[in-house]
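Keep in mind that the numbers below use all heavy atoms, side chains included, and drop hydrogens, waters and symmetry copies. To find a chain, count down the sequence lines: A is the first, B the second, and so on, and within it residues start at 1. Computed from a predicted model, the values in this text were never measured in an experiment.
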Protein chains: 2
Amino acid sequence: MAKRATIKDVAEAAGVGVATVSRVLSGGSASPQTRERVLAVAAQLDYRPSALGRNLRQRRTGGMGLLVPDLTDTFHAQLAEGVLACARSAGEPVVIGSTGGDPEQESELIGMLLEQSVDRLIAVPSGDEESWAPAIRAGMTVVFADRLPAAPPVEEDPAVSALNDLLLLDGAAPPPARAKPLDVPSVVADDRGGIRTAVRYLRGLGHRRIAFIGGPGHDRRAAAFREAVGEPLDEELIVFGTGSRDSAYAAASGLFQSRPDLTAVVAGGNVLGEAAVLAARELDLRVPRDVSLIMYDDVPWAELCSPPLTVVAQPGRDMGYRAAELVLRSGGRRQRSVVLPTELIVRGSCGPRR
Amino acid sequence: MAKRATIKDVAEAAGVGVATVSRVLSGGSASPQTRERVLAVAAQLDYRPSALGRNLRQRRTGGMGLLVPDLTDTFHAQLAEGVLACARSAGEPVVIGSTGGDPEQESELIGMLLEQSVDRLIAVPSGDEESWAPAIRAGMTVVFADRLPAAPPVEEDPAVSALNDLLLLDGAAPPPARAKPLDVPSVVADDRGGIRTAVRYLRGLGHRRIAFIGGPGHDRRAAAFREAVGEPLDEELIVFGTGSRDSAYAAASGLFQSRPDLTAVVAGGNVLGEAAVLAARELDLRVPRDVSLIMYDDVPWAELCSPPLTVVAQPGRDMGYRAAELVLRSGGRRQRSVVLPTELIVRGSCGPRR
DNA sequence: CTGAAAGCGCTAACAT
DNA sequence: ATGTTAGCGCTTTCAG
C-alpha cells in the first residue's frame, strides 16, 4: 500500500495541531483562515482520513452488513441493489454475506460481522428468532427485510410436559414459556394482501383446487394462502422446497404428479415459479390451459416466458433501500417497521378453469 | 454495542501479558499450559479479537472489495456468489459495491474502499485503464473478472498530430504514446472460443447474416465476433446497448427493424439476450423460425423460454471463486491470469436458415 | 479558537 | 517462553 498522508502530515504541513485538522474535516469550529489553509493543504496532499483510525477510536465500523440467502435469486439481487444504492449515496460501505439459506452459515457470518465491529445489519433471515438473539444481545442494530425469522421451536420441557400430562392440562395448556419475541424493525411486502389478491383472482377464473409452492421463509405467505383459501383446506396442496433450485423442482414436480386434479398454483417466490414452469413443461402440462400459474416476485424473465407470467410484484429494490435507510437512521431510538404494497400484474399465465 | 472483552481483559484474567494472549490466538509459540489457560479464559469470556485493532495496527483491512455493474444481471450475481463462497470459507469479509456500469460511480466506490483501507479488490470493470490507474498506484491488489478495462482513448496530441501530418506519416503512423497498459491479473472466460463456436454453429445451420448485440464491456466479444465472421464484415450487424435493460431493448429492436434480412443473432450477455427475445416477440419474429438466437451466459431462465435458449455458458461462479482465490493468495508476487472455458449448450433457439 | 495528550484494541519489536 | 512497550490514525476531552 503506497503510504498515504496521515492527519499528522496535514497538521504539520498546515502548521496546526492534529485536533484542528480533525475539527475542520468533520465540520467543527475553526477560524475561516485556518479552515481554508487546512483544506488547501489536505487537498494538496490528497489526504483521505483513514476509516481505520476513526473506527478504532469510535469502537465501531461505519456502514452496514447485508445478509441474503442467495444473490442468484433475482429478488434478493434487487433487494441488495436497493441497499447498495442507499449506502452509496450515504458514502457508507456494505459488507455482504450470502448465507445459502443455512442458519449455521448465517450465524458464522454474524460472528464475522461482530468481529469487524459492524453493528448495523440488514438481513433476509434464515435462522429462527433464537438464532438471532445473540446478534441483538451483542448490540447490533438489525433490520429484517423481506421476511422475519421463524418463531423458535417450542421447547418441550420434559418436566413441564410431564406435569401437564399429569394434570391433564393438554387441551388448555398455557402457552409454553418461550423467549420474548424479538423486537426488530423490518421492511416486508404485504404478503397477506398479495396472496389474497392472487387467490381471489384465480377464484374469479373459476379455480377451486389451488396449490401453493413455498420455500424457506415463505411461512407468512403460506399462512396468508391458507387464510385466503379458507375452508375446506386441502393441506396436500401446500408444499415446500428447501431453497435450492433442485428441491424447488422436486416439490413442484411432486405436487403436479400427486395431485393432477389441481388447476392452479401460486409460487411463493421466483425460484419456485421457475421450478413450476419447468416441472409443468416436463410433465406436458400447458400453461395456462392445463394449469394456471401465479408467481411471487416480478423479475425480468417473467415477461419472457410463454405465456408471460402473471405475478405478484413486490418492490424489491425499494425494500432494500428502505431497509438501509432504517438501519442508518436508527439514531438509537426504535424504528417503525414498514410494509410495502404488492401488485398483481396480470400477464398470460392464468386462464379460466378448464 | 454491549462492551466486549478485550485482549487486556483476557490477559488479566489469565494472569499473563497481552502479547502472550495475542501469540496464543494467532498460533505463536507458548507453553502448552499457558496456551490452554489462555484459551480457556478467552472462551469463558467469549472473547473475540477485534478486527479494528488489528487492522489499524497492520494498516490494512482484511478481506476484499467487490465491484460489479449490476447484481440483477444474473451472471454478475453468479460471479458474486463465487466470490462470497471463497471469502466465506476463508472467514474474510467482502465489501461490495454496485457501479451501475458508470465509471464515475466506480471511481467513487474505489475511493470509499481506499478510505476503508481495503487493499484487495475484485472488479468487473466499467471504467477504462486510465480510470483504474489510481487504484493500482494506490497499491491495491486488483483482479479483474469477466472483462478487462478498455484501453484509454487515444490522446490526440496536437503537436504530434501536426508533425505526423507534416511528415505524411499518417499511413504508417507510429503507435501513439499511450500510458503503459495495466498489468493486472484477471479471470475471464474464453470469449474468443465461445463466440467462435457460436458463430460456427450458426454458420453450420446455414446462416450468413448474423448479428451481434453487445453491452458495455463486451468489446472483446465483439472483436471475437468480427474475427469469427471474417470478411465481408457487415458493421451494421454489430450494435451496442449502454447497459440498461431499456437501452438493450432499444438496440435489439432497432437492429431487427433496420435489418430484417438478418437470420441469426448472438447476444453478448444475458441482459441483451433478454432484450432480444422481447424485441423479437414484439416484432412478431419467431424464434427460431424467423431468427435464430444464441445468448452469452447460461442463466436459469434460459431454459424457461420457449423455445429454450441455446447459450454460450461461462462458469460465473467459478470465475468469482477463482478471482477471490487469486486476490487472497496474492502474497505480494505477481499472479497469473486465468482463462476459463466456455461451453455451447444447444437448446432450441437456433434453427436452419429459412 | 486551538493545541497537547490520552487512549481505542491490537501486534511486533525488544528485553528478559 | 513471556512480559513490556511503542505505536497504527484518529477523535475527544481538557487546558490555554
So, do [X] and [Y] sit near enough that their side-chain heavy atoms are less than 4.5 Å apart?
X: B/D146; Y: B/F75; answer: yes
X: A/L326; Y: A/I122; answer: no
X: B/C86; Y: B/M64; answer: no

> Are B/S29 and D/dT2 close enough that a side-chain N or O sits under 4.0 Å from OP1 or OP2?
Replying inline: no

>> Protein within reach of the bases, or only the backbone? For nucleotides 8-16 of chain D, mark each nucleotide 5' to 3' as B, S or -, using heavy atoms under 4.0 Å.
In response: BBBBB----

> Please walk me through it: do A/R147 and A/S126 pass side-chain contact (heavy atoms from CB on, under 4.5 Å)?
Replying inline: CA-CA 9 Å; A/R147 54 206 212 202; A/S126 294; 4.0 Å; yes

> Nearest heavy-atom pair of B/V24 and B/R35: which atoms, and what distance?
Replying inline: O-NH2, 3.6 Å

>> Looking only at side-chain N and O atoms, does B/E81 offer a donor or acceptor that is under 3.5 Å from a partner on A/S98?
In response: yes

Using atom [atom1] of [X] as one end and atom [atom2] of [N] as the other, report the distance to the nearest whole Å.
X: B/N55; N: C/dC8; atom1: CG; atom2: C1'; answer: 13 Å
X: A/R35; N: C/dT2; atom1: CZ; atom2: C1'; answer: 13 Å
X: B/D9; N: C/dC8; atom1: CG; atom2: P; answer: 11 Å

